[in-house]
Amino acid sequence: MKSPTPSYAGFYEASLASPVDFWTKQATKIAWYKAPVQTLTMNEKGFYRWFEGGTLNTCYLALDYHVEHGRSEQVALIYDSPVTKTVQKYTYAQLQLEVAKLAGALRQLGVEKGDCVVIYMPMVPEAAFAMLACARLGAVHSVVFGGFAPHELAIRIDDTRPKVVISASCGIEFERVIPYKPLLDDAIHLAQFKPPHCLILQRPQIHALMHAGRDVDFSTAVAQAEPVDCVPVDALDPLYVLYTSGTTGKPKGIVRDNGGHAVAMKFSMQYIYNIQPGDVYWAASDLGWAVGHSYIIYAPLIQGCTTILFEGKPVRTPDAGTFWRIISEHQVKVFFTAPTAFRAIRKEDPQAEFLQKYDLSCLQQLFVAGERCDPSTLKWLQEITNKPIIDHWWQTESGWPMIANMTGVELLPVKPGSATKPVCGFDVQILDEDGQPLNANHEGYVCLKLPLPPGCLPTLWNDDARFQESYLSKFPGYYFSGDGGYKDDDGYVYIMGRVDDVINVAGHRLSTGEMEEFVASHPAVAECAVVGIQDEMRGQRPVAFVVLKDGMAIDEPMIETQLVTLIREQIGAVAYFKSALIVKRLPKTRSGKILRKVMRQIADGESYNVPSTIDDPAILGEIAEKLQNRKIGKGFGEFAVI
Ligand code: COA
Ligand code: AMP
């Protein structure tokens, strides 16, 4: 591999020694309308800002720039949808036209620079057009994952107050057609803010009922629209807001600016993924997640690659060979997905027989993120593919990897269980409770010394105070990630999981705090605790422990069914909330702190310390018995013995 720099160590050290010089140089690699005046500044709130004074347009960088520089006939986007048996390709010129026309339609509906647009779509090309069309107008998009229920969509509508909501008549989950439009209608009914317009894509599988005066047919509006040009925006202007789970029922609106984001996207493609213009890059994620934003749309297009939009699942669409078929058919050079997807494949095809049918010589390396890649999945992937398997760590907040094997600089040896080393610009420190850096091999809080590099969240949408409080206050001078972990003697970082109420279910980030709020709202519930226990395929799944109010007739199966339905209706099926166990009391310390960690450890079959301050140790036995009776948790035989 031709290395553009001498070594990872030298490149990384340069990025920390002089962030301004380092990122000033990287910023020259994108086409600004006006170059930034200052690389790094601090605003009046004390928050860092990148590339002040620069103007650009992210859609221009993703499309028009390539059309102007010889890529108009190159395929930009491949829509591969096994659930509709469709493969459709768009060249850069075609994609530019689709996006420019949709931008024209949005403008007709009153969308201008700075306005918000909510996008609630399945994985169809029009969802990609919608994101890029917003970027073209300088409007701020907020994509809401299709698996979320109306309540979640309503929260996001109220917080962003969109001029337009873009949606579709349905999504397709395996063979099931899921109507989206009734969910949107319910969300608008629930929301305080009523969007003036909805742009609805009618898919052939279901025709949605339209709300006269508000709803507009997507295809008709686009057919009648005039294409519009890119609107220059300031580097600091928001490109999008993407909500992610925090520790409460109110999700956090992660803001992404235009300038820092574009520079980070470009940088990551070259130095982390080692992918060049013209290569085919595929992230099998959903546009509703940060991975989908960064690595299905913005980064591959800014880099001039061909990207793939996949509407399907790793298995049963139609089989566990889908990923290998797509890699081979479209000549994918770099592939990226969540470990849970491979666990699903391994369950169905442990010998990787499907893989044998395809020629994967095009594949250079395979990246995983979204949750810890367990060593057993990593080993299986290494054996069946014989390719470098790169685990890398990032968050919606960062928008791009913070710890990775920077394969475009130097491919470092892979250590199972570690996401390798910090990426340029990220000064990763492991701190103790008092904010002191810990020595190697000691587990603590994973933090990043400020400033964060370009591309990371500059703040939370309309909530500077929460940004400060959630990320910057616990350890002054650092960004607190919410994860725990340690570094080994070689500086490799091991992320061990969240230290807060966030869990990761099949690569989907969810809040147990939010689930507790809903469970507690049931009229029979006195108090509850929801913990994330280990799940063989999904990594984690939520389990509720519930104490009923005195005098309530206990019909455990009925209450459990009601709670399962409640979470499904309020958060969505994606929460994968299947178990609510009724217990007499919750284990607590004498000061009233619920011992959630101990409950999780019991379910997972891990050893645990009973705190000396526990008010009634006997309750732990009852918890274990309940789990045992229901065979819930790794500690109680839930996992298959492979
Ligand atoms: N729209 C509507 N419903 C959705 C949905 C969507 N976009 N995504 C998931 N759901 C529903 C599912 O249909 C399922 O509903 P059900 O309970 O009625 O069956 C429920 O939410 C749970 O979904 P999930 O946990 O995803 O289970 P699954 O069996 O559908 O798929 C995996 C399991 C592992 C194959 C799948 O979760 C997967 O591919 N995960 C990878 C996620 C990923 O890429 N994350 C991005 C980080 S890189
Ligand atoms: P999200 O914001 O949805 O991307 O989720 C971010 C969280 O997922 C992180 O805070 C981690 O807890 C977890 N995560 C993401 N990538 C990894 C990884 N490679 N290893 C361990 N945990 C990860």
Side-chain angles (χ1 to χ4, degrees), residues 120-123 127 144-149 168 170-180 183 242-246 251-252 254 283-296 310-317 320 322-323 336-345 347-348 367-374 378 390-404 417-420 446 457 480-485 493-500 502-510 532 535-541 564 568 571-578:
Y120 183 63
M121 298 279 269
M123 289 289 283
V144 181
F145 175 60
F148 279 129
C170 62
I172 303 164
E173 286 287 295
F174 297 108
E175 65 297 327
R176 256 186 317 146
V177 175
I178 314 248
Y180 270 40
L183 303 178
L242 177 59
Y243 289 83
T244 191
S245 297
K252 293 169 171 170
I254 306 298
S285 177
D286 190 285
L287 291 176
W289 308 116
V291 175
H293 283 58
S294 296
Y295 294 106
I296 298 176
F310 170 61
E311 187 183 29
K313 300 267 178 172
V315 291
R316 292 170 39 218
T317 57
T322 301
F323 278 7
F336 173 5
T337 194
T340 189
F342 286 116
R343 288 196 295 269
I345 293 174
K347 193 156 176 262
E348 299 221 347
F367 286 79
V368 285
E371 52 170 332
R372 182 167 177 266
C373 184
D374 54 288
L378 183 92
I390 315 289
D391 181 11
H392 59 332
W393 175 73
W394 55 302
Q395 303 182 304
T396 308
E397 287 85 344
S398 65
W400 65 292
M402 297 181 276
I403 300 175
S418 171
T420 313
V446 180
L457 78 170
F480 169 47
S481 70
D483 279 323
V493 188
Y494 295 72
I495 301 292
M496 302 308 289
R498 300 287 304 194
V499 294
D500 57 12
V502 169
I503 59 171
N504 213 303
V505 183
H508 309 136
R509 177 167 157 181
L510 298 160
D535 181 88
E536 195 170 16
M537 186 169 86
R538 291 177 172 78
Q540 284 182 298
R541 73 179 180 95
V564 167
R568 198 178 166 91
I571 298 178
V574 73
Y576 201 69
F577 182 94
K578 307 275 183 196

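Note that ligands are numbered from 1 as they come in the structure, with each ligand's atoms numbered from 1 the same way.
We find the OG-CZ distance between Ser285 and Phe145 to be 8.5 Å, quoted to the nearest 0.5 Å. In this structure, Glu348 CD and Arg343 CZ are separated by 14.5 Å, a value rounded to the nearest 0.5 Å. We find the CG-CH2 distance between Leu242 and Trp289 to be 8.5 Å, quoted to the nearest 0.5 Å. Rounding to the nearest 0.5 angstrom, the gap separating the CD1 atom in Ile403 from the CG atom in Asp391 is 9.5 Å. Here the straight-line distance linking atom CD1 of Ile495 with atom SG of Cys373 works out to 13.5 Å at 0.5 Å rounding. Rounding to the nearest 0.5 Å gives a distance of 10.0 Å between NE2 of His508 and CD of Glu371.
With sequence neighbours excluded, the residues that form a side-chain contact (heavy atoms from CB on, under 4.5 Å) with Pro251 are Ile155, Arg156, Tyr243. For Gln540, the side-chain contact (heavy atoms from CB on, under 4.5 Å) test picks out Ile503, Asn504, with sequence neighbours left out. Applying the side-chain contact (heavy atoms from CB on, under 4.5 Å) rule to Ser398 yields the partners Trp394, Gln395, Met402, Cys456; only residues at least two apart in sequence or on another chain are considered.
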**Prompt:** Yes or no on side-chain contact (heavy atoms from CB on, under 4.5 Å) for Arg509 and Thr396, after CA distance, side-chain angles and deciding distance?
**Reply:** CA-CA 9 Å; Arg509 177 167 157 181; Thr396 308; 4.1 Å; yes
**Request:** Walk me through it: do Ile296 and Leu287 pass the test side-chain contact (heavy atoms from CB on, under 4.5 Å)?
**Result:** CA-CA 7 Å; Ile296 298 176; Leu287 291 176; 3.9 Å; yes
**Request:** Output, in order, the C-alpha distance, side-chain angles, deciding distance and verdict of side-chain contact (heavy atoms from CB on, under 4.5 Å) for Thr420 and His392.
**Result:** CA-CA 7 Å; Thr420 313; His392 59 332; over 6 Å; no
**Message:** Using side-chain contact (heavy atoms from CB on, under 4.5 Å), reason through Leu510 and Phe577 one step at a time and then give a plain yes or no.
**Reply:** CA-CA 11 Å; Leu510 298 160; Phe577 182 94; over 6 Å; no
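Contact annotation for atom 22 (C) of ligand 1: protein present (non-hydrogen atoms, distance under 4.0 Å). Within 4.0 Å of atom 36 (C) of ligand 1, not a single protein heavy atom is present.
Relative ring orientation between Phe310 and Phe323 is described as perpendicular, the plane-to-plane angle rising above 60° on a 0-90° scale split at 30° and 60°.
For Val315, the closest heavy-atom approach to ligand 1 does not fall below 4.0 Å. Proximity of Ala284 to ligand 1 is established by a heavy-atom distance of less than 4.0 Å.
Of the candidates Lys313, Met537, Met123, the one placing a heavy atom closest to atom 33 (C) of ligand 1 is Met537. The residue among Pro339, Pro122, Ala338, Ala506 with a heavy atom at the shortest distance from atom 42 (C) of ligand 1 is Ala506.
Among protein heavy atoms, atom 13 (O) of ligand 1 sits closest to Glu173 OE1, 2.8 Å. Regarding atom 1 (N) of ligand 1, its nearest protein heavy-atom neighbour is Tyr180 OH, 3.2 Å. Residue, atom and distance of the protein heavy atom nearest to atom 48 (S) of ligand 1 are Val291 CG2, 3.6 Å. Counting only heavy atoms of the protein, atom 17 (O) of ligand 1 lies nearest to Arg568 NH1, 3.1 Å. The nearest heavy-atom contact from the protein to atom 46 (C) of ligand 1 is Ser285 OG, 3.2 Å. Among protein heavy atoms, atom 34 (C) of ligand 1 sits closest to Thr340 OG1, 3.7 Å. At the top of the distance list for atom 45 (N) of ligand 1, counting protein heavy atoms only, stands Gly507 O, 3.7 Å.
Of the N or O atoms in Thr337, none lie within a sub-3.5 Å distance of an N or O in ligand 1. Checking only distances, His508 never comes within under 3.5 Å of ligand 1, N or O to N or O. In terms of polar-atom proximity, defined here as any N/O pair under 3.5 Å, Arg538 does make such a contact with ligand 1. Not one N or O of Trp289 is nearer than 3.5 Å to an N or O of ligand 1, by distance alone.
In the vicinity of Arg176, heavy-atom distances shorter than 4.0 Å reach the ligand 1 atoms 13 (O), 15 (O), 16 (P), 18 (O), 19 (O). Contact atoms of ligand 1 toward Phe174: 29 (O), 30 (O) (distance under 4.0 Å to a heavy atom of the residue). Those atoms of ligand 1 that come under 4.0 Å of a heavy atom in Phe145, given as number and element, are 5 (C), 7 (N), 8 (N). Within ligand 1, the atoms closer than 4.0 Å to a non-hydrogen atom of Pro314 are 35 (C), 39 (O), numbered from 1 in the order shown.
For the pair Arg541 and Tyr576, the cation-pi test (distance below 6.0 Å, angle within 45°) is failed.
In this structure, the side chains of Ser481 and Trp393 come closer than 4.5 Å at one or more pairs of heavy atoms.
For ligand 2, the 4.0 Å heavy-atom shell takes in Gly370, Glu371, Arg372, Asp391, His392, Trp393, Trp394, Gln395, Thr396, Asp483, Ile495, Arg498, Asn504, Arg509, ordered by chain and residue number.
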